[in-house]
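To start, the structure under review is shown below, and the notes come after it.
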Amino acid sequence: MADDLDEKADIPEVDAYSLELKKKILEAFEVFDHESNQTCDVREVGTIVRSLGCCPTEAELNDMIQAMEEEEPTGFIRFERFEPVMLTTLSERRYRAADEDTLIKAFEVLDATKNDCLSIEEITKLMTEHGEAFSKEELDEMLSAAVDPDKGNIQYREYVSMMVVEEK
């Protein structure tokens, strides 16, 4: 038994890190494995990926899903196909969220009046007409969190501090 402990103490840090990642991946996946059969609905993969701290675009998420799907897609993702993709993604620190300074600088570029806020109309136009357009549901969800109820606009410094993902 003491020999077993000595062997475990000799496990390289990288392996311990991988084991910790595997545990996090399994725990996140299990939340959406409603049938307890090591599968989840393909439509929930984005939620799982984001719960693990990754922020891929929809195109990047679709690429990840393609890598996870069976040759003949079934609408479900098996854990044995999900885990290696996520292990690589997390190990390589792909799709990390932007830091607070970067996000504030991005908002400052959009803030023509330089008063640290954007109107609902401005942000709606930007989020639906440029880049990877938000759906109405995504926009509504963002606005519900972003709009200052007292001022009726987006005080983006406050909003950014709310939405920044802390590195663990």
Side-chain angles (χ1 to χ4, degrees), residues 14 17-107 109-110 118 120-149 154-168:
V14 173
Y17 177 70
S18 293
L19 289 173
E20 184 61 30
L21 284 181
K22 285 182 173 209
K23 181 181 173 194
K24 284 174 63 174
I25 293 166
L26 177 61
E27 288 172 353
F29 190 90
E30 285 178 334
V31 171
F32 295 91
D33 181 5
H34 304 297
E35 303 294 323
S36 298
N37 63 357
Q38 297 285 295
T39 66
C40 75
D41 189 303
V42 70
R43 295 169 295 188
E44 295 177 313
V45 170
T47 303
I48 301 169
V49 168
R50 290 181 181 101
S51 78
L52 290 165
C54 298
C55 300
T57 65
E58 286 301 312
E60 291 165 334
L61 181 61
N62 286 332
D63 290 344
M64 292 175 75
I65 290 170
Q66 282 184 341
M68 296 172 190
E69 281 184 316
E70 304 295 325
E71 218 171 281
E72 292 292 325
T74 62
F76 291 90
I77 300 295
R78 289 184 297 131
F79 181 73
E80 68 190 52
R81 298 201 39 116
F82 179 85
E83 183 188 46
V85 173
M86 284 311 303
L87 193 56
T88 300
T89 299
L90 294 173
S91 296
E92 294 177 0
R93 302 176 62 80
R94 293 185 197 161
Y95 315 121
R96 303 313 306 166
D99 62 58
E100 189 167 351
D101 289 340
T102 302
L103 292 171
I104 287 177
K105 286 176 186 170
F107 275 108
V109 168
L110 304 174
L118 295 170
I120 295 171
E121 295 76 22
E122 288 173 305
I123 203 73
T124 297
K125 182 176 174 77
L126 290 166
M127 301 309 285
T128 57
E129 296 179 11
H130 300 282
E132 191 171 337
F134 274 35
S135 68
K136 175 155 178 32
E137 294 79 22
E138 290 169 325
L139 182 65
D140 290 345
E141 184 177 340
M142 182 198 139
L143 291 175
S144 72
V147 174
D148 181 314
I154 298 159
Q155 304 289 312
Y156 57 80
R157 290 183 188 278
E158 292 173 25
Y159 178 57
V160 166
S161 67
M162 278 184 354
M163 68 179 200
V164 169
V165 176
E166 293 295 324
E167 283 289 321
K168 292 179 182 170

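Along the sequence shown, the residues carry numbers beginning at 1. The analysis underlying the following values was restricted to heavy atoms, covering all of them including side chains, and did not include hydrogens, waters or symmetry mates.
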Would you say that Ile77 contacts Thr39 through its side chain, given a criterion of any heavy-atom pair below 4.5 Å between the two side chains?
no
Main chain of Met68, side chain of Arg81: is a donor-acceptor contact present, judged purely on distance under 3.5 Å?
yes
Could you go through the salt bridge (charged side-chain N to carboxylate O under 4.0 Å, His left out) check for Arg50 and Glu44 one step at a time?
CA-CA 10 Å; Arg50 290 181 181 101; Glu44 295 177 313; over 6 Å; no
Leu87 and Lys22, any side-chain heavy atoms less than 4.5 Å apart
yes
Passes side-chain contact (heavy atoms from CB on, under 4.5 Å), Arg94 versus Cys54? Steps please.
CA-CA 7 Å; Arg94 293 185 197 161; Cys54 298; over 6 Å; no
So, Ser51 side chain and Ile48 main chain: donor-acceptor pair closer than 3.5 Å or not?
yes
To the nearest 0.5 Å, how far apart are CG in Leu26 and CG in Leu21?
12.5 Å
Can you name the one residue among Val42, Val85, Val49 that meets side chain to side chain contact (heavy atoms under 4.5 Å, CB included) with Ile65?
Val42
How close do Tyr17 and Leu90 get, counting heavy atoms only, and between which atoms?
OH-O, 3.9 Å
Can you establish whether the number of heavy atoms outside Glu35 located under 6.0 Å from its atom CD is more than 12?
no
Quick test of your reading: applying side-chain hydrogen bond (donor to acceptor under 3.5 Å, both in side chains), list the pairs with at least one residue in residues 63-77, sequence neighbours left out, ordered by first then second residue.
Glu70-Arg78
Side-chain contact, heavy-atom cut-off 4.5 Å: Tyr159 with Val147?
no
What I'd like to find out is whether the side chain of Met142 reaches to under 4.5 Å of the side chain of Ile123, using heavy atoms alone.
yes
Could you grab the distance from atom CD of Glu138 to atom CD of Glu58, nearest 0.5 Å is fine?
6.0 Å
Distance-only, no hydrogens or angles: does the Glu27 side chain make a donor-acceptor pair with backbone N or O of Lys24 under 3.5 Å?
no
Are any non-hydrogen side-chain atoms of Asp148 and Ile154 less than 4.5 angstrom apart?
no
Return yes if some donor-acceptor pair links the side-chain N/O of Glu83 with the main-chain N/O of Glu80 below 3.5 Å, else return no.
no
Interatomic distance, CD@Glu60 vs CD@Glu132, rounded to 0.5 Å, equals 8.0 Å
Enter the distance from Lys125:NZ to His130:NE2 here, rounded to the nearest 0.5 Å.
5.5 Å
So, does Asp33 use its side chain to make a donor-acceptor pair with the main chain of Phe29 at under 3.5 Å?
no
Which atom names give the shortest non-hydrogen contact between Phe134 and Leu139, and what distance separates them?
CD2-N, 3.8 Å
When rounded to the nearest 0.5 angstrom, what is the spacing between OG in Ser36 and CD in Glu30?
8.0 Å
Parallel, tilted or perpendicular: which describes the rings of Phe107 and Tyr156, with under 30° parallel and over 60° perpendicular?
parallel
Check the pair Lys105, Asp101 against salt bridge (charged side-chain N to carboxylate O under 4.0 Å, His left out), reporting the backbone distance first and the verdict last.
CA-CA 6 Å; Lys105 286 176 186 170; Asp101 289 340; 5.9 Å; no
So which atom in Leu61 and which in Pro56 form the shortest heavy-atom distance, rounded to 0.1 Å?
N-CB, 4.0 Å
Measure the shortest side-chain to side-chain distance between Asp41 and Phe32 over non-hydrogen atoms and say whether it is less than 4.5 angstrom.
no
Would you check if Cys55 and Arg96 make a side-chain contact, meaning some heavy-atom pair closer than 4.5 Å?
no
To the nearest 0.5 angstrom, please state how far the CZ atom of Phe76 sits from the SG atom of Cys40.
9.0 Å
